[in-house]
Structures are given as C-alpha cells and as structure tokens.
Amino acid sequence: MEVFNDEYWMREAVKEAHRAFEADEVPVGAVVVCNNRIIGKGHNLTERLRDVTAHAEMQAITAAANYLGSKFLEECTLYITLEPCVMCAGAIFWARPAKLIYGASDPKRGFSYLGKNILHPSTKVEHGLMSNEASALLKVFFQKLR
C-alpha cells in the first residue's frame with residue numbers, strides 16, 4: 001500500500017474544508033502536491049476577506065506558485081473537495097497542473113456544467129474521490145444556514 005496516494009492527499013484537502021466549516025465559510029478545501037509534498041493549501045476565505053475570489057483553489061494555487069517561484073504548476077496535482085467553479089477553472093487553466101482531482105460534483109456552479117472542458121489540454125482530470133465526505137460536509141453547512 002502506498003502511503004502517499006490520491007486518497008491521502010484528498011484527506012488533506014478535506015481537512016482544509018473542515019477549517020472553512022469551522023470559520024463559517026463554505027466548506028471547500030484544496031491542496032497542491034508536488035513530489036509527495038504539499039506546497040500549497042487553502043480553504044474558502046470569501047467571508048473573512050470579503051473577497052469573492054478567495055476560493056480554496058485560488059488560495060492553494062497562489063501558495064504553490066509562491067513556493068515554486070513559478071506561475072505554472074506543471075509537475076503538480078491539485079486536489080479539491082468540490083468541483084471548481086468557472087472562475088477557478090480559468091485560474092487552473094493558466095496554472096496548468098499536471099492533474100486535477102476533485103471530490104464532489106457541483107451541477108449548479110461547477111465548470112463542467114458548460115458542457116466542455118475549459119481546463120488546459122495537458123491537465124488530466126479525475127473526479128469523485130471522497131465525494132461522499134465532501135458532499136456531507138457541504139450539506140451540514142447549508143442546513144445550518146437555514
């Protein structure tokens with residue numbers, strides 16, 4: 001059994017989503033992994049920062065780019081608990097990670113609702129990993145708001 005597998009890294013993204021939940025933010029988390037090391041991580045901070053662009057993946061991409069000293073993440077994998085929105089998919093396009101793995105689908109605001117892949121052609125995409133955990137956390141969060 002490989003210790004540092006996709007499930008291991010997605011669990012790290014789920015931990016970030018829990019940090020968002022505890023801060024009354026929409027519970028989405030993201031981590032960027034390169035050479036079996038987290039080089040960027042983030043969770044939603046839109047309420048705290050009063051910034052509509054402060055999504056988890058934006059935080060993680062910025063941290064990873066700063067770590068690498070490069071705007072491209074071509075040797076990296078981005079793990080996100082929820083399917084990226086169109087804005088974040090645009091940022092992911094420009095960052096060009098080797099792979100994007102996300103958990104829960106977002107049929108209302110996820111980039112795939114456009115019906116075409118708007119990510120960079122070199123980025124491989126996988127989805128559904130730990131989607132139950134990510135979906136459950138989102139459901140609890142939104143039930144709490146009602």
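These numbers were taken from a predicted model, which means no experiment stands behind them. Keep in mind that the numbers below use all heavy atoms, side chains included, and drop hydrogens, waters and symmetry copies. For this chain, numbers begin at 1 and follow the sequence in order.
- The two residues A134 and T81 make their nearest non-hydrogen contact at CB-O, 3.2 Å.
- Atom CD of E74 sits in a crowded spot, with more than 12 heavy atoms from other residues, nucleotides or ligands closer than 6.0 Å.
- Ring pair W9/Y79 is tilted by interplanar angle, where 30° to 60° counts as tilted.
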Is there a salt bridge (Lys or Arg N to Asp or Glu O under 4.0 Å) between E22 and R19 once you walk through the steps? CA-CA 5 Å; E22 292 164 8; R19 287 185 181 97; over 6 Å; no
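- Y67 OH: 12 or fewer foreign heavy atoms inside a 6.0 Å radius.
- Every residue was checked against the salt bridge (Lys or Arg N to Asp or Glu O under 4.0 Å) condition with R109, not counting sequence neighbours, and none meets it.
- Minimum heavy-atom separation, E25 to F141: O-CE1, 3.2 Å.
- Ring-plane geometry between H120 and F93 is classed as tilted, the angle between the planes lying from 30 to 60 degrees on a 0 to 90 degree scale.
- Residues T46 and N44 have side chains that never bring a donor and an acceptor to within less than 3.5 angstrom of each other.
- Between the side chain of E83 and the backbone N or O of F111, at least one donor-acceptor pair lies under 3.5 Å.
- Heavy-atom minimum distance, V3 versus Y8: O-CB, 3.3 Å.
- Looking only at distances, no side-chain donor or acceptor of S70 sits under 3.5 Å from a matching main-chain atom of A65.
- Between A104 and S135, the shortest heavy-atom contact is CB-OG, 3.4 Å.
- Of all non-hydrogen atoms in M87 and V52, the two that sit nearest each other are CE-O, 3.9 Å.
- The number of heavy-atom neighbours closer than 6.0 Å to NZ of K144, taken from other residues, nucleotides and ligands shown, is above 12.
- Distance check, rounded to the nearest 0.5 Å: NE2 of H127 to CG of L82 gives 13.0 Å.
- When each of L68, L100, I61 is checked for a side-chain contact (heavy atoms from CB on, under 4.5 Å) with C76, only L68 meets the rule.
- Put simply, the side chain of S105 never gets that close to the backbone of P107: no donor and acceptor are under 3.5 Å apart.
- Minimum interatomic distance between I101 and M10 (heavy atoms only, all atoms of both residues): O-CE, 3.6 Å.
- In this structure, NZ on K124 lies 13.0 Å from CG on L119, to the nearest 0.5 angstrom.
- Going from atom CD of Q59 over to atom CD of E16 covers 10.0 Å, rounded to the nearest 0.5 Å.
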